[in-house]
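None of these values were measured; they are calculated from a predicted model. Counting begins at 1 with the first residue of the sequence.
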Amino acid sequence: MKNTLIALFVLLSGALTLAADGVPAHPYIKIETTEGSIVVELDRKQAPLTVAHILELVDSGYYDGTIFHRVIPGFMAQAGAHTPDLKRKETEAAIPNESGNGLSNARGTIAMARTSDPHSANAQFFINVADNDSLDPHKSSAAGRWGYTVFGQVIEGMDVVDKIVAVKTGPQGPFQSDVPIVPIVIKKISRYTFE
């Protein structure tokens with residue numbers, strides 16, 4: 001009986017790591033760029049709404065053909081909303097901010113970009129190339145300050161991200177600065193499984 005209960009517990013524990021739709025708590029995506037590939041482990045447990053939204057965009061092909069439109073050495077690389085001619089791609093409504101999830105904007109993490117409205121994130125994301133804890137929510141603020149939602153971690157290809165932030169940038173289109181002179185195109189983002 002004891003062995004049966006242990007086996008049942010192990011079986012249930014394994015089942016709980018999958019959501020009702022069969023997506024694991026930590027799915028992976030592969031970002032294929034003109035500079036190389038980046039593999040990201042998403043954290044569906046800590047940022048469920050954000051990860052579900054990102055996976056919908058990935059599955060729809062939304063990101064394919066977009067660019068890294070803002071790169072700042074020692075800070076981050078941002079992508080997800082513009083085509084190589086700097087035209088903005090439209091997306092669905094914004095998603096709620098999940099920045100209080102315990103994940104920090106540390107080097108190698110991926111987070112949602114947004115405006116000053118904390119609940120305005122929709123498709124743009126950035127990869128931190130430094131520890132940017134100033135982007136985390138701060139409990140010391142009397143009013144409580146919203147941060148930028150971290151929803152995953154680069155597990156392969158951080159060298160590619162470092163290469164991206166090292167390219168020559170300047171003002172282009174509607175942007176005053178930080179746009180790569182030679183577009184860094186996201187060829188495709190897709191779900192990824194390790195062989």
Main-chain N/O of [Y] paired to [X] side chain as donor or acceptor, under 3.5 Å:
X	Y	answer
Glu98	Gln46	no
Thr91	Asn122	no
Asn97	Pro118	yes
Arg145	Leu135	no
Ser99	Thr149	no

Evaluation steps, side-chain contact (heavy atoms from CB on, under 4.5 Å), between Gln172 and Ile181: CA-CA 8 Å; Gln172 293 189 59; Ile181 301 300; 3.9 Å; yes

Test side chain to side chain contact (heavy atoms under 4.5 Å, CB included) applied to Asp136 - qualifying residues, sequence neighbours left out: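 Applying side chain to side chain contact (heavy atoms under 4.5 Å, CB included) to Asp136 gives Ser104, Asn105, Asp133.
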
For Ala106, side chain to side chain contact (heavy atoms under 4.5 Å, CB included) partners two or more places apart: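 For Ala106 the side chain to side chain contact (heavy atoms under 4.5 Å, CB included) partners, ignoring immediate neighbours, are Thr109, Asp131.
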
Of all the heavy-atom pairs spanning [X] and [Y], show the shortest one and how long it is.
X	Y	result
Asn128	Met76	CA-CB, 4.2 Å
Ala81	Gln124	CB-CG, 3.2 Å
Pro84	Gly65	CD-O, 3.2 Å
Gly80	Ala123	O-CB, 3.6 Å
Ala113	Ala121	O-CB, 3.3 Å

Of [options], which meets side-chain contact (heavy atoms from CB on, under 4.5 Å) against [X]?
X	options	value
Ile67	Thr34, Thr33, Val185	Val185
Ile29	Leu55, Val51, Val39	Leu55
Ile184	Val165, Val167, Val160	Val167

Heavy-atom neighbours of Lys89 NZ exceed 12 at 6.0 Å: yes

Pairs satisfying salt bridge (Lys or Arg N to Asp or Glu O under 4.0 Å), at least one member in [range], at least two apart:
range	answer
residues 46-58	none
residues 153-166	Glu35-Lys163, Arg107-Asp162
residues 58-75	Asp59-Arg191, Asp64-Lys188

According to side-chain hydrogen bond (donor to acceptor under 3.5 Å, both in side chains), who are the partners of [X], at least two apart in sequence or on a separate chain?
X	answer
Gln153	none
Asn101	none
Thr169	none
Asp85	Thr83

Output the distance between atom [atom1] ([X]) and atom [atom2] ([Y]), rounded to the nearest 0.5 Å.
X	Y	atom1	atom2	result
Phe126	Arg114	CZ	CZ	8.5 Å
Glu32	Ser37	CD	OG	5.0 Å
Ile164	Met158	CD1	CE	9.5 Å
Asp178	Ile72	CG	CD1	4.0 Å
Ile54	Leu42	CD1	CG	8.0 Å
Ile95	Thr50	CD1	OG1	4.0 Å

Suppose the criterion is ring-ring contact (aromatic ring centres under 6.0 Å, His included): which pairs have a residue in [range], not counting sequence neighbours?
range	value
residues 54-79	Tyr63-Phe125, His69-His82, His69-Phe175
residues 151-170	none
residues 102-124	His119-Trp146

Indicate if [X] and [Y] have the same hydrophobic cluster label, given that clusters are the connected sets of ILVMFWY residues with side-chain heavy-atom separations under 4.5 angstrom.
X	Y	answer
Val129	Leu103	no
Val71	Tyr148	no
Val150	Ile38	no

Asp43 vs His26 side-chain heavy atoms within contact, under 4.5 Å: yes

Stepwise side-chain contact (heavy atoms from CB on, under 4.5 Å) test for Phe194 and Ile155: CA-CA 12 Å; Phe194 289 94; Ile155 59 168; 3.5 Å; yes

